[in-house]
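Please read the structure below before turning to the comments.
Chain letters run A, B, ... following the sequence lines, proteins first and then strands; every chain starts at 1. Only this structure's heavy atoms are used, side chains among them; waters, hydrogens and symmetry mates stay out.
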There are 2 protein chains.
Amino acid sequence: MQRLGKNVRMADIAEAAGVSLATVGRVLHKRGYVSAANRARIERLIQTAGYVPDKLAQGLKNRESKLIGHLVVFNPNMLFAKISLAVNTAALAQGFQVLTMTGHPNLDEEEAQVRELIGHRVDGVIITSNTRVSKALIRKLVGLKIPVVMIERTFTLPQVDRIRVDDRQGAAEAVRHIIARGHRRIGFIGLPLVHDVEKLRYRGYCDALGDAGLALDQACTCFVPEYSVAAGYQATEALSKLADPPTAVFATSDLFACGVLQALHQQGRRVPEDLALVGYDDTLSALLAPPITSVGLSLEAIGQHAIALILRRLGDRKAPARTVRVNTVLIDRQSVSTLA
Amino acid sequence: MQRLGKNVRMADIAEAAGVSLATVGRVLHKRGYVSAANRARIERLIQTAGYVPDKLAQGLKNRESKLIGHLVVFNPNMLFAKISLAVNTAALAQGFQVLTMTGHPNLDEEEAQVRELIGHRVDGVIITSNTRVSKALIRKLVGLKIPVVMIERTFTLPQVDRIRVDDRQGAAEAVRHIIARGHRRIGFIGLPLVHDVEKLRYRGYCDALGDAGLALDQACTCFVPEYSVAAGYQATEALSKLADPPTAVFATSDLFACGVLQALHQQGRRVPEDLALVGYDDTLSALLAPPITSVGLSLEAIGQHAIALILRRLGDRKAPARTVRVNTVLIDRQSVSTLA
DNA sequence: GCTGCATATGTTAACGTTAACACATTCGAG
DNA sequence: CTCGAATGTGTTAACGTTAACATATGCAGC
């Protein structure tokens with residue numbers, strides 16, 4: 001039966017068992033009637049021959065590839081790599097594989113990547129926040145009836161589901177934690193408010209200050225151009241130079257927290273003694289010296305929801321767009337000192 | 001021509017252009033004769049209709065999926081995520097997509113993952129060092145004539161190509177760098193020598209000491225059970241308690257370096273003033289306070305070689321096994337002080 | 001001894017692409 | 001004007017799987 005160096009086919013099993021393709025198919029799909037004797041024989045043959053169904057043929061016939069596309073850009077703190085991992089894991093649990101496109105897409109490449117996914121006839125596409133993928137391109141996918149899920153992207157599109165992290169609440173919780181330890185002047189490091197996600201984190205920061213009756217001091221808020229260590233470093237230097245510098249800093253990314261620590265190290269100051277520090281995304285915070293309190297995202301939940309949303313839409317292609325909210329978890333690592 | 005919500009097929013193009021499938025095929029493959037008029041018309045139709053060839057059908061016919069499997073386990077420092085990224089990028093440049101399996105495989109799962117890849121009829125499989133994938137399973141792939149490339153795994157198997165990083169040289173260079181700055185007692189933190197990769201790094205450490213005429217002091221070498229921050233922390237505490245503690249430490253992973261920094265922070269000591277430190281893999285070192293000198297791996301080279309080896313074997317399935325060596329790059333970040 | 005249903009199996013036409021093959025037409029060289 | 005390239009196009013049989021349809025036997029109920 002073994003055709004040298006070739007994959008075993010249903011036909012090979014059928015021949016060896018002396019039955020037709022259909023009977024083998026019935027055993028494989030556990031559907032329809034097969035005599036006990038034949039079933040046993042076929043199952044044994046499948047085992048010993050190491051038959052594995054050809055997903056290409058299955059896909060061609062069934063019009064489904066069991067492949068899901070994931071558009072994402074990895075960044076230095078590898079948050080998106082972790083999301084990618086979560087997506088992969090959740091997909092695998094449902095019998096899907098993930099094609100991850102991690103480009104740095106100029107707008108041409110972006111289009112090429114989507115074409116690539118369409119070519120592979122992916123059953124769904126997940127688009128994460130830090131890609132540029134345009135509405136037009138998403139509409140193209142929708143037009144092809146390919147379910148699309150966006151993670152942490154803010155615009156809405158008919159028949160496109162979304163996953164949003166409750167960043168406002170997450171940030172507020174972090175800042176409340178700082179306030180509870182007695183801090184009154186709390187610095188903020190984040191991206192300009194043109195980024196919706198960042199807007200939410202900033203609002204959460206404001207919420208917490210407001211709830212505690214603390215005034216928002218513009219001098220304490222640093223808006224930097226990009227997620228990077230260097231940006232955190234520079235922001236910290238700026239904050240240090242203030243006449244009345246903050247005693248604590250809330251950073252909207254662990255990358256910023258790294259920069260804060262580097263700046264402090266340079267100045268010979270320490271966390272938490274000289275400055276309290278809380279980061280965001282919990283990607284690096286456990287690794288730093290000292291380990292930093294940070295706001296963790298529920299990555300597994302994100303992955304599972306992404307797959308679940310695709311599955312749902314695979315069942316009902318014209319279901320109304322749904323937005324799933326995912327919460328955050330404050331992970332306390334003692335980088336916030338208690339102030340007198 | 002548009003069949004609502006369905007992908008455009010060659011047949012649709014052919015019909016619209018008033019030609020046969022074969023003619024469209026000739027345009028698509030740029031092969032054979034097509035009249036200029038027809039060519040232009042067909043090309044335009046392909047454009048406007050947004051035709052994308054079905055890789056499932058192509059794969060079924062051509063017995064190639066344009067998919068490459070990658071077996072890997074992501075670890076906390078995300079080194080393997082970065083390798084994964086490099087592999088993806090290199091694959092894409094050659095028209096391949098990557099199916100990444102990032103399990104924490106008990107030996108059953110491992111088998112299931114490989115079956116999954118076989119099911120998708122991957123054109124090749126890349127296996128990275130930190131998986132458990134057994135020889136038996138690899139032999140199965142070889143039996144199916146699927147090219148296999150192993151990254152940083154040490155055993156040899158006929159028709160299985162390998163990529164090895166020149167860890168011995170990389171470690172030696174790092175330690176020589178430390179010695180050049182005047183250090184004489186240099187600690188070592190690494191895994192037990194049962195791991196071949198670690199064995200090489202340890203040998204490199206010994207090489208450098210030997211070349212400099214320095215004695216190897218067993219007391220300065222810490223073999224810890226796993227790559228982790230905690231292990232680095234504990235090793236540092238142990239080294240600190242020595243009567244004659246080292247003035248520098250070479251760690252075989254940036255994760256260890258993180259632990260070293262945490263331990264020093266705890267003790268109120270500083271890098272590089274109180275201890276020189278060099279890490280390995282350059283995954284985290286740039287983010288730490290202070291940034292740490294580390295041995296970088298040529299990730300892009302690893303990715304490109306992996307794909308190139310698969311391509312080569314796709315051309316000649318019974319080519320003899322080849323091992324490609326990839327070098328390292330010492331990235332100096334001033335975490336090694338100059339001793340008197 | 002039918003009828004009808006449960007059981008058991010086989011045949012065949014897709015799915016979208018490719019490539020081998022066949023069949024035209026044109027044109028230049030002899 | 002005829003032969004053989006060169007040019008241009010069409011037909012068809014795979015690739016491996018699925019599912020609709022067809023067929024056949026045995027047996028219970030009447």
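For the pair B/Asn62 CG and C/dG16 P, the interatomic distance rounds to 16 Å; values are reported in whole Å. Distance, B/Arg9 CZ to C/dC15 C1': 9 Å, rounded to whole Å. Following rounding to the nearest Å, B/Arg41 (CZ) and D/dG8 (P) show an atom-to-atom distance of 14 Å. What separates CD of B/Glu15 from P of C/dT17 is a distance of 14 Å, to the nearest Å. Nucleotide C/dG16 holds its C1' atom 11 Å from the NZ atom of B/Lys61, rounded to whole Å. Distance, A/Lys6 NZ to D/dG16 P: 6 Å, rounded to whole Å. In this entry the distance linking NZ of B/Lys55 with C1' of C/dT18 reads 15 Å, nearest Å. Regarding A/Leu28, its CG atom lies at a distance of 15 Å from the P atom of D/dG16, rounded to whole Å.
Under the 3.5 Å distance criterion, the side-chain polar atoms of A/Gln159 are left unmatched by any main-chain donor or acceptor of A/Pro320.
We find the OG-CD distance between A/Ser65 and A/Gln58 to be 11.5 Å, quoted to the nearest 0.5 Å. We find the CD1-CG distance between A/Ile126 and A/Leu99 to be 11.0 Å, quoted to the nearest 0.5 Å. Put simply, CD1 on A/Ile127 and CG on A/Leu137 are 7.5 Å apart, with the number rounded to the nearest 0.5 Å. Rounding to the nearest 0.5 Å gives a distance of 8.5 Å between CD of B/Glu300 and CD1 of B/Ile302.
One finds no side-chain N or O of B/Thr23 lying less than 4.0 angstrom from the OP1 or OP2 phosphate oxygen of D/dG8. Between D/dT18 and A/Gln58, a contact under 4.0 Å exists linking OP1 or OP2 to a side-chain N or O. Dashed line: the shortest gap from a side-chain N or O of B/Arg63 to OP1 or OP2 of D/dC15 is not under 4.0 Å.
Identified under the salt bridge (charged side-chain N to carboxylate O under 4.0 Å, His left out) test for residues 45-54 of chain B, with sequence neighbours left out: A/Arg121-B/Asp54. Sequence neighbours left out, the pairs with a member in residues 309-319 of chain B that pass salt bridge (charged side-chain N to carboxylate O under 4.0 Å, His left out) are B/Asp161-B/Arg312, B/Asp161-B/Arg313.
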CA sep, side-chain torsions, deciding dist, call: B/Lys55, A/Glu116, side chain to side chain contact (heavy atoms under 4.5 Å, CB included): CA-CA 9 Å; B/Lys55 300 238 193 225; A/Glu116 192 74 20; 3.8 Å; yes
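For B/Ala22, whose side chain is taken as the heavy atoms from C-beta onward, the closest listed nucleotide among C/dG10, D/dA14, D/dG10 is D/dG10. Nearest nucleotide to the B/Met10 side chain, out of C/dT17, D/dG10, D/dT17: C/dT17. Side-chain atoms of A/Leu60 lie closest to C/dG16 of the nucleotides C/dG16, C/dT18, C/dT17. Taking every side-chain heavy atom of A/Leu21 into account, D/dT18 is the closest of D/dT18, C/dG16, C/dT9.
For A/Ser20, there are no side-chain hydrogen bond (donor to acceptor under 3.5 Å, both in side chains) partners, not counting sequence neighbours. Applying the side-chain hydrogen bond (donor to acceptor under 3.5 Å, both in side chains) rule to A/Asp196 yields the partners A/Thr154; only residues at least two apart in sequence or on another chain are considered. Remark: B/Asn130 engages B/Val72, B/Val73, B/Phe80, B/Thr128 in a side chain to side chain contact (heavy atoms under 4.5 Å, CB included) (not counting sequence neighbours). Among residues two or more places apart in sequence or in another chain, the side chain to side chain contact (heavy atoms under 4.5 Å, CB included) test is passed with A/Ala81 by A/Phe74, A/Met78, B/Met78, B/Ala81. Qualifying side-chain hydrogen bond (donor to acceptor under 3.5 Å, both in side chains) partners for A/Asn327, counting only residues two or more places apart in sequence or in other chains: A/Ser298.
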Name the pairs: protein N/O against N/O of nucleotides 3-5 of chain D, kept only if under 3.5 Å.
none

Strictly under 3.5 Å: I want the nitrogen or oxygen pairs between protein and nucleotides 21-28 of chain C, one per line.
none

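Sequence order on DNA chain D of the closest nucleotides to B/Val19 and A/His29 puts B/Val19 first from the 5' end.
Within residues 30-38 of chain B, the residues having any heavy atom closer than 4.0 Å to DNA chain D are, in order of number, B/Tyr33, B/Val34, B/Ser35, B/Asn38.
Between B/Val149 and the choices B/Val324, B/Leu309, B/Val125, the side-chain contact (heavy atoms from CB on, under 4.5 Å) rule is met once, by B/Leu309.
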Can you list, pair by pair, the side-chain donor-acceptor contacts under 3.5 Å of residues 24-44 of chain A, counting residues two or more places apart and other chains?
residue, atom, partner, partner atom, Å
A/Ser35, OG, A/Asn38, N, 3.3
A/Asn38, OD1, A/Arg41, NH2, 2.8
A/Arg41, NH1, A/Ala17, O, 2.6

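Computed from C1' positions of five pairs at each end, the angle between the two local axes of the helix from C/dG1-D/dC30 to C/dG30-D/dC1 equals 50°, rounded to 10 degrees.
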